[in-house]
Amino acid sequence: MRSIVVLPTYNERENLEKVVERILKAVPGIHILVVDDNSPDGTGELAEELAGRYRGRIFVLHRAKKEGLGRAYVAGFRHALAHDYDVLVQMDADLSHDPAYLRPMLQRIRECDVVLGSRYVRGINVVNWDLKRLLLSKCASLYVRLVTRMPVTDATGGFKCWRRETLEGIGLDGVFSSGYLFQVEMTYKAFRSGFGIGEEPIIFYERDLGRSKMNRRIIWEALWGVLKLRFAPRWMTHVETGGPQMDRPRHETAA
Ligand SMILES: Nc1nc2c(ncn2[C@@H]2O[C@H](COP(=O)(O)OP(=O)(O)OP(=O)(O)O)[C@@H](O)[C@H]2O)c(=O)[nH]1
Ligand SMILES: [Mg+2]
């Protein structure tokens, strides 16, 4: 299966080289698409330099301006689907998502429609978060589960592996989130369309370098957005494209 990691970046100059080298080393043969929103710190130029160094394995999609993580992923996924990849991985570029988990996730996607890297399958697996950040994440996850009724332990994570058929089934045209709500929206749409969701345990490491893009607007979008996803009429949040392509269990969690 042809696999690609879609890596959105905004001011990740300090992390980019390290993360792409670790990805390429972790999975020989995997490709990477960096989706940069014209980062003022020169991340886009560094990405081009890396694409030249690792020709045929790293590609760069430059976007004109910062429009949020969700928009960057939609553009990256479209690009990758148009280039015939079978499996698309999404991960942060700040080394919070360890490339060592790519192999187990790619293995797991053989039997699921989407695999979620989960921080909470076995207790709490986050490194370097203060209590406030941990509470925010746990509350967000609980809130999402209460509202959406999705049977997943980590509904807000951003390390995922998709089969192309799942993304095609969800329909990228109907994805409305710009910020972190994107993570919930995508998983919810997969769940609601009946796709088989697997969870793989991961340890999440808070970034050492660079700055977080989290802000109040993003949190508000997520709070309202989850209600919208759950209760707004289907036509507002979903594009009908035919549901699951494979006969698989609706949900399974790694033992
Ligand atoms: N292209 C693009 N990438 C973005 C945008 N916002 C965030 N990112 C990237 O998305 C990933 C996750 O963003 P972070 O700022 O690390 O968000 P976070 O993980 O919630 O925050 P921290 O815990 O502080 O790291 C990183 O690779 C960012 O560079 C955006 O508007 N455009
Ligand atoms: Mg981060």
Side-chain angles (χ1 to χ4, degrees), residues 5-23 32-48 50 58-80 88-99 101-102 116-120 124-141 144 154-160 175-186 202-223 225:
V5 175
V6 179
L7 210 57
T9 54
Y10 191 75
N11 288 347
E12 299 289 0
R13 203 182 158 80
E14 293 161 292
N15 293 309
L16 187 63
E17 184 167 357
K18 195 165 172 194
V19 73
V20 299
E21 287 185 343
R22 285 182 53 191
I23 293 169
I32 300 174
L33 175 65
V34 178
V35 185
D36 186 67
D37 279 5
N38 207 358
S39 300
D41 77 344
T43 304
E45 290 77 12
L46 174 60
E48 284 298 341
L50 292 165
I58 299 186
F59 306 90
V60 192
L61 184 61
H62 296 280
R63 304 179 75 242
K65 63 176 196 317
K66 178 166 165 51
E67 286 184 319
L69 179 76
R71 294 297 100 202
Y73 267 127
V74 168
F77 285 165
R78 280 213 174 94
H79 187 91
L88 292 78
V89 178
Q90 57 169 101
M91 64 192 282
D92 292 356
D94 58 0
L95 291 163
S96 287
H97 299 146
D98 189 339
Y101 296 116
L102 284 169
L116 312 180
S118 173
R119 300 161 287 186
Y120 306 128
I124 296 171
N125 288 298
V126 290
V127 176
N128 278 344
W129 265 5
D130 59 16
L131 191 61
K132 197 173 136 207
R133 186 70 208 263
L134 181 61
L135 280 175
L136 181 69
S137 171
K138 283 299 274 182
C139 289
S141 201
V144 169
D154 189 350
T156 59
F159 194 2
K160 305 181 192 178
V175 175
F176 65 86
S177 309
S178 53
Y180 292 81
L181 176 63
F182 172 79
Q183 311 296 7
V184 179
E185 179 181 4
M186 294 296 286
I202 62 158
I203 298 174
F204 179 93
Y205 301 87
E206 181 52 272
R207 63 161 75 241
D208 283 335
L209 300 171
R211 288 191 33 205
S212 171
K213 282 97 212 169
M214 179 85 88
N215 60 38
R216 271 173 210 274
R217 198 187 64 75
I218 287 172
I219 295 175
W220 273 114
E221 183 204 29
L223 281 173

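All ligand and atom numbering here is 1-based and tracks the order in the structure. Worth knowing before you read on, the calculation uses all heavy atoms, side chains too, and leaves out hydrogens, waters and symmetry mates.
- For N11 (side chain) and D41 (main-chain N/O), a donor-acceptor pair under 3.5 Å exists by modelled atom type.
- Counting heavy atoms from C-beta on, the side chains of I219 and Y180 never come closer than 4.5 Å.
- Residues V126 and L134 are in side-chain contact: their nearest non-hydrogen atoms beyond the backbone lie under 4.5 Å apart.
- Using a 4.0 Å cut-off to heavy atoms of E12, the atoms of ligand 1 that qualify are 26 (C), 27 (O), 28 (C), 29 (O).
- When the heavy atoms of Y180, Y10, W129 are ranked by distance to atom 14 (P) of ligand 1, first place goes to Y180.
- In A72, the part holding a heavy atom less than 4.0 Å from any atom of ligand 1 is the side chain.
- Near D37, with a cut-off below 4.0 Å to any heavy atom, the atoms of ligand 1 are 1 (N), 2 (C), 30 (C), 31 (O), 32 (N).
- Heavy-atom proximity to atom 27 (O) of ligand 1, evaluated over G157, A93, G70, is greatest for A93.
- Looking only at distances, a side-chain donor or acceptor of N38 sits under 3.5 Å from a matching main-chain atom of A64.
- In this structure, R133 is part of the shell of residues with a heavy atom less than 4.0 angstrom from ligand 1.
- Contact atoms of ligand 1 toward D94: 16 (O), 19 (O), 25 (O) (distance under 4.0 Å to a heavy atom of the residue).
- Remark: minimum distance from atom 21 (O) of ligand 1 to any protein heavy atom is reached at S212 OG, 3.0 Å.
- Each of E221, E67, R71 was evaluated against S178; a single residue qualifies, E221, per the side-chain hydrogen bond (donor to acceptor under 3.5 Å, both in side chains) test.
- The Mg ion (ligand 2) is closest to atom OD2 of D94 (considering only N, O or S atoms).
- No N or O atom of D36 sits closer than 3.5 Å to an N or O atom of ligand 1.
- In terms of protein heavy atoms, atom 19 (O) of ligand 1 is closest to D92 OD2, 3.5 Å.
- Contact annotation for E206 and ligand 1: only side-chain heavy atoms (C-beta onward) come within less than 4.0 Å of the ligand.
- In this structure, D154 contributes its side chain and S141 its backbone to no donor-acceptor pair below 3.5 Å.
- In terms of modelled atom types and a separation under 3.5 Å, the side chain of Y101 and the main chain of I203 share a donor-acceptor contact.
- Those atoms of ligand 1 that come under 4.0 Å of a heavy atom in K66, given as number and element, are 5 (C), 6 (N), 30 (C), 31 (O).
- Here the shortest heavy-atom distance to atom 3 (N) of ligand 1, taken over L69, L7, T9, belongs to T9.
- Panel note: side chain T43, backbone R13; a donor-acceptor pair is recorded below 3.5 Å.
- For the pair R207 and ligand 1, the shortest N or O to N or O distance falls below 3.5 Å.
- One N or O on the side chain of N15 and one on the backbone of L209 form a donor-acceptor pair closer than 3.5 Å.
- Protein heavy atom closest to atom 7 (C) of ligand 1, with residue, atom name and distance, is K213 CD, 3.8 Å.
- Counting heavy atoms closer than 4.0 Å to ligand 1, residue V35 contributes backbone atoms (N, CA, C, O) but none from C-beta onward.
- At the shortest separation from atom 9 (C) of ligand 1 among protein heavy atoms lies P8 O, 3.6 Å.
- Judged purely by atom type and a 3.5 angstrom limit, E185 uses its side chain to pair as donor or acceptor with the backbone of S177.
- Relative orientation of the Y73 and F182 rings is parallel, given thresholds of 30° and 60° on the angle between their planes.
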